A.B. asks: 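Encoded as structure tokens, here's the structure I'll be asking about.
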Amino acid sequence: MKKKLTSRRTFLQNTGKASIALGFSSAILSSFTKDFSFHNHSSSIGYTQQPLPYSYSALEVAIDAMTMEIHYTKHAALYAKNLNEAIVTEKVDTTTTSIEALLAKVSKYSTKLRNNAGGHYNHELFWQSMSPNANKQPSGQLLLAIEKDFGSFETFKTQFTDAGKNRFGSGWAWLVINSDKKLIIGSTPNQDNPLMDVSDLKGFPLLGLDVWEHAYYLRYQNKRPDYINNWWNIVNWNFIEKRFESFV
Ligand code: MN3
């Protein structure tokens, strides 16, 4: 009898731990078992800032060199630095917790960790999502999925552009794959990210566009739509396709 009680208690403790790790209460966990695969999905993004995969001037067709340099060495570097302070203070074990898994339970941590984990992840994804040798559009399975979920690539571009243009203040526009493996477009404020349990938009981010003024103001001033229109010329579709294909 004593043994039975002990195992039941151990079972409940372990169930509780699993639920906490996933960021859901055990009461609602069962209804999510089919739906949270993107929360457990890791990518190549880690906790430290990686070298830019091109020079500051490589994306001049859309983003000027000074904007790239300030954005990478000041804004993004500070998010990485502050994130690494926060994970020490808040005892995040980065050897066992991917940054995607951390974002999925970010409500349990401070505002500093939320803003800087988001800021770091979003920028690491952003740099890799651009290339001086970009194709004009995706191909393969991603193109088929875009055509299925949005009707055409042009319709997708229009809707994504609108999501970026209409994000009030600072934030990001996103293409995500959701738990039903459907592609959706949305946006988040500040440095929030669709992996976060606090985000209204939920899914695994395939492509993100920074629409903070620091991303475009030197060249474009208030003309955010012009920045977005030029940005389409540097989207690294090969990279986005690889992120998408890890789900199919
Ligand atoms: Mn930025």
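Numbers for residues simply follow the sequence, beginning at 1. Values in this document were obtained by computation on a predicted structure and should not be read as measured data. For ligands, and for the atoms within them, numbers begin at 1 and follow the listed sequence.
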A.B. asks: We want to know whether S170 and E213 form a side-chain donor-acceptor pair, criterion being a heavy-atom distance below 3.5 angstrom.
C.D. replies: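 Side chains of S170 and E213: no pair found under 3.5 Å.
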A.B. asks: Would you say N233 has more than 12 foreign heavy atoms packed within less than 6.0 Å of its CG?
C.D. replies: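 For N233, atom CG is crowded (more than 12 foreign heavy atoms under 6.0 Å).
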A.B. asks: Is it the case that the side chain of R224 and the backbone of V211 share a donor-acceptor pair, with hydrogens and angles ignored and the cut-off at 3.5 Å?
C.D. replies: yes
A.B. asks: Identify the two heavy atoms, one from D210 and one from H71, that lie closest to each other, and give their separation to 0.1 Å.
C.D. replies: OD2-NE2, 2.9 Å
A.B. asks: For the pair E100 and Y121, evaluate side chain to side chain donor-acceptor pair (under 3.5 Å) and give the outcome as yes or no after the intermediate values.
C.D. replies: CA-CA 9 Å; E100 285 87 359; Y121 188 94; 3.0 Å; yes
A.B. asks: Taking 2.8 Å as the limit, list every protein N, O or S atom around the Mn ion (ligand 1), by chain and residue number.
C.D. replies: H71 NE2, H123 NE2, D210 OD2, H214 NE2
A.B. asks: Please name all residues satisfying ring pair (Phe, Tyr, Trp, His ring centres under 6.0 Å) with F160, sequence neighbours left out, ordered by chain then number.
C.D. replies: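 Counting only residues at least two positions away or on another chain, F160 forms a ring pair (Phe, Tyr, Trp, His ring centres under 6.0 Å) with F156, W231, W232.
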